[in-house]
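Residue numbering restarts at 1 for every chain, and letters A, B, ... go by the order of the sequence lines.
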Protein chains: 4
Amino acid sequence: MPRTEKQFQSIREKTRAQILNTALELFAEKGFKGTTISDIAKAAGISKGLAYNYFNSKQDLMNAVLNLLIIEMEQLFAVIKDIPDPYKKLRIIIETTFTNLERDEKFWRLYTSFSLQPEVKDDTEVIANGYLHEGFKLLENIFKQIGIKNPKSEAKLLGAIIDGMSFHYIFNGENYPLKQMTKFLLNKYSKGNLLPK
Amino acid sequence: MPRTEKQFQSIREKTRAQILNTALELFAEKGFKGTTISDIAKAAGISKGLAYNYFNSKQDLMNAVLNLLIIEMEQLFAVIKDIPDPYKKLRIIIETTFTNLERDEKFWRLYTSFSLQPEVKDDTEVIANGYLHEGFKLLENIFKQIGIKNPKSEAKLLGAIIDGMSFHYIFNGENYPLKQMTKFLLNKYSKGNLLPK
Amino acid sequence: MPRTEKQFQSIREKTRAQILNTALELFAEKGFKGTTISDIAKAAGISKGLAYNYFNSKQDLMNAVLNLLIIEMEQLFAVIKDIPDPYKKLRIIIETTFTNLERDEKFWRLYTSFSLQPEVKDDTEVIANGYLHEGFKLLENIFKQIGIKNPKSEAKLLGAIIDGMSFHYIFNGENYPLKQMTKFLLNKYSKGNLLPK
Amino acid sequence: MPRTEKQFQSIREKTRAQILNTALELFAEKGFKGTTISDIAKAAGISKGLAYNYFNSKQDLMNAVLNLLIIEMEQLFAVIKDIPDPYKKLRIIIETTFTNLERDEKFWRLYTSFSLQPEVKDDTEVIANGYLHEGFKLLENIFKQIGIKNPKSEAKLLGAIIDGMSFHYIFNGENYPLKQMTKFLLNKYSKGNLLPK
DNA sequence: AATGAATGAGACTTCATTCAT
DNA sequence: CATGAATGAAGTCTCATTCAT
């Protein structure tokens, strides 16, 4: 008796997720070209052939990983949008960004790796641009709500700070005083210091 | 005929530099794994074999490129250190960073590419950390000179802004209002707005 | 319940025939190596695994297809043998050959595909030789009946014409004036033109 | 000192020809899909990699083989066209076809193999159609010169005979009385038997 | 010093076949 | 009887590296 449709679907979903997550991990760690299907298969505990049962090619797998990123990012934005108070929003954004840098590390590494990959450079840029644009919009609205001068530029400035600090911490590691800098930043963007003159 | 010897030397150095620069260019554009020795040789206008006359391996070539980066960076810092007025220093740093982003793009791309390469990951990080450290120090001294509170954190903040903006512009391209943001930033860090309260 | 047994038998035979015919079709279209078990299973509307329930291997399936061909060919010859008048026989042979070239196309394609397959090359040749031999014999007897000179050679000549024309039409397609040539041939081999001098 | 341009060219031509001829042989013997690059490399006495120094892909190699065939065919036609006497032309065509069937065997096998290969099916058909068309034209002109009725159909008939006999001999082998049939055919198409009524 | 032909290890990918259910 | 997930050998192709000239 063959397995039921449901059983097959469950198997497929589980295996697919396993491959996908392993690929995400390895692509982020060693880059697209530096990661072989063998690596992924071995790390995922499956045979090389099976990977091709789930993804038509390494490219295809990479695209699926990209999609994973998009979904994650959208969830992130969704969470923040529901907060009403702009000052709290700012605080949450800064805090969550720096407390959960793991996700960001993957994002940065994947992004830079993929952007060196001609085959997906464009797709990657579309995604990253989308992320940036949405991020800037989000911050801009917060600054508008607060009533600050030049909300567009302020949004881009804070965006740069967040990404710059993330980058410094992620790529340069342990001796970056992240906690201290987070406090410093929170203070700069606290209610008292932001009130429109 | 000592002349001939010298000429040979000169030719060797010129060829070596050509290979090195071509490699730098291509590694930055397509990543380490994405660049073949054939690519480099063709772009440099020499034969594959000759490249191996100058560099023992692709790894070796990559290391040489890393060294090139170090030298470039040191020159950059040297230029800025000689300016006496701290406000002018700040202005020059901001302006030169954003008017000459090409070098930064190469840096970012090479850095991320090499950091995905296990064989030089550590060396790359040492270099990048050195760059960051020196950069932070430079800014910290400026803020100290100005007499601002919390010069260490302010240095890291401005560093994050600079790298964040660079990253946004470089990887996300055309629609980033770089000039406008540069002005905005210059204003934030102008004498009038920085004076210690 | 002997019924059930019979039904099982019937299902088995139907499924087997379906696989076999699908295989015949696909082998003829894309060659032996160009056809995968997956292709066959999908086209036959069954699972890959089930195909192996009916045939031990791809080779086995190919052999079964070869057998199918033998049977078809024998039926073909049987039909013609029962006609008494030799002139009519000739006419029927020519007409049926060219009105039903589909079967021939399959034959040619399967034959050439299988003859490129070391594992069954010999078997294929035995079959093809048998077909040729039987065909030549059939024609030879007709020419003998008619009383023509050199019936053996005349048989081989007509055989060559039939297969040559089939080949030209099948592999070179639309612009071959098959109907016109059939008429032309029928006239050449009509009673009036064949009568022994 | 590097080799001269000429030396390199000579090496390339020799190696290229060797690969090409080996490929022609093996493709004809085992079909396109049945022949691996490893097979070809081994038979040609070179490394797998080198084959790709000369041909970008297996497809590419196949196309080159096709071109080889075209050239051979054109040479064949060129030879025959220069003979003035139509009866002699016919004789030469028949004789050379059947004395040199080796070339034809390759042609048939390659043709049928390639026609099972979706990637070149069309190219192959174009070539084969060209060959057929040119052949038919050649024969038609001969029959016109002789003044026979229905030269077009007669041309196609003789074409079918030639290809049919070739096919019978080539694919069914030793026991086909080729010499006897050639004589028989030469007689049928001799001056005495062809004279317009 | 210089060339590019040649090698071979290793990457991506396919597919006949097996097997748990 | 029936399914399709899973395997692994084998094929296509790439590229760092060597080497004869």
Side-chain angles (χ1 to χ4, degrees), chain A residues 1-5 7-12 14-16 33-41 45-61, chain B residues 8 11-12 15 33-42 46-61, chain C residues 8 11-12 15 33-42 46-61, chain D residues 1-5 7-12 14-16 33-41 45-61:
Chain A
M1 274 137 267
R3 289 186 187 83
T4 63
E5 181 97 357
Q7 283 175 313
F8 277 130
Q9 209 164 356
S10 156
I11 290 175
R12 277 198 82 78
K14 221 181 280 177
T15 308
R16 193 188 135 93
K33 292 247 182 182
T35 306
T36 71
I37 295 289
S38 268
D39 291 342
I40 296 170
I46 57 159
S47 70
K48 249 185 304 179
L50 191 59
Y52 284 89
N53 190 318
Y54 287 84
F55 301 94
N56 292 321
S57 65
K58 203 181 167 188
Q59 293 283 340
D60 196 31
L61 182 49
Chain B
F8 273 142
I11 288 176
R12 265 199 86 78
T15 307
K33 292 253 181 182
T35 304
T36 71
I37 295 288
S38 270
D39 289 342
I40 295 169
K42 201 173 293 169
I46 58 156
S47 71
K48 245 185 304 180
L50 193 57
Y52 279 88
N53 196 316
Y54 288 84
F55 301 94
N56 292 321
S57 67
K58 203 184 170 188
Q59 294 286 341
D60 196 30
L61 184 48
Chain C
F8 273 142
I11 288 176
R12 264 199 87 77
T15 307
K33 292 252 183 181
T35 305
T36 70
I37 295 288
S38 270
D39 289 342
I40 296 169
K42 202 174 291 170
I46 57 157
S47 73
K48 245 185 306 183
L50 192 56
Y52 280 87
N53 195 315
Y54 288 85
F55 301 94
N56 293 320
S57 68
K58 204 184 169 187
Q59 294 286 341
D60 196 30
L61 183 50
Chain D
M1 275 135 264
R3 290 185 186 84
T4 63
E5 181 100 354
Q7 283 175 311
F8 278 130
Q9 208 164 358
S10 155
I11 290 175
R12 277 198 82 78
K14 221 181 282 178
T15 308
R16 193 189 134 93
K33 292 248 182 180
T35 306
T36 70
I37 295 287
S38 267
D39 290 343
I40 296 170
I46 58 158
S47 70
K48 251 185 304 180
L50 191 58
Y52 285 90
N53 191 319
Y54 286 83
F55 300 93
N56 293 320
S57 66
K58 203 182 168 188
Q59 294 284 338
D60 196 32
L61 182 48

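- For C:Arg12 and F:dC1, the shortest distance from a side-chain N or O to OP1 or OP2 is below 4.0 Å.
- The minimum heavy-atom distance between B:Ala51 and B:Ile37, with the atom names listed, is CB-CG2, 4.4 Å.
- The minimum heavy-atom distance linking C:Lys33 with D:Lys33 is given by the pair CB-CB, 3.5 Å.
- Residues passing the side chain to side chain contact (heavy atoms under 4.5 Å, CB included) test with A:Asn56 are A:Asp60, sequence neighbours excluded.
- Distances were taken from every side-chain heavy atom of A:Tyr54 (C-beta onward) to each of E:dA5, E:dA2, F:dA5; the shortest belongs to F:dA5.
- The structure places CZ of D:Phe8 at 11.0 Å from OG of D:Ser10, a figure rounded to the nearest 0.5 Å.
- Rounding to the nearest 0.5 angstrom, the gap separating the CZ atom in A:Arg16 from the CG atom in A:Leu61 is 9.0 Å.
- Rounded to an integer number of Å, the gap from C:Asp39 CG to E:dC15 P is 8 Å.
- To the nearest angstrom, C1' of E:dA6 lies 15 Å from NZ of D:Lys14.
- We find the NZ-OH distance between C:Lys58 and C:Tyr52 to be 8.5 Å, quoted to the nearest 0.5 Å.
- The CG-P distance, from C:Leu61 to E:dT17, rounds to 10 Å in whole Å.
- D:Arg3 has no side-chain polar atom (N or O) that falls below the 4.0 Å cut-off from OP1 or OP2 of E:dA5.
- Rounded to whole Å, the distance from CD on D:Glu5 to C1' on F:dT21 is 15 Å.
- When each of D:Ile46 and B:Thr15 is assigned the nucleotide of DNA chain E bearing its nearest heavy atom, the one mapping closer to the 5' terminus is B:Thr15.
- Atoms CD (D:Gln9) and C1' (E:dG4) sit 13 Å apart, rounded to a whole Å.
- A sub-4.0 Å separation between OP1 or OP2 of F:dA5 and a side-chain N or O of A:Asn53 is present.
- With hydrogens and angles ignored, the 3.5 Å screen pairs a side-chain donor or acceptor of A:Asp39 with a backbone N or O of A:Thr36.
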Sequence-aligned protein contact record of nucleotides 8-13 of chain E, with B where the base is within under 4.0 Å of a protein heavy atom and S where only the sugar-phosphate is = B-BSSB
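- Listed here is the closest heavy atom pair of D:Arg12 and D:Tyr54: O-CE2, 3.4 Å.
- When each of C:Gly34 and D:Phe8 is assigned the nucleotide of DNA chain E bearing its nearest heavy atom, the one mapping closer to the 5' terminus is D:Phe8.
- In plain terms, the two heavy atoms of A:Ile11 and A:Arg3 that are nearest each other are CD1-NE, 3.5 Å.
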Watson-Crick and G-U pairing of DNA chain E written in dot-bracket, each distance under 3.5 angstrom, with | for inter-strand partners = .||||||||||||||||||||
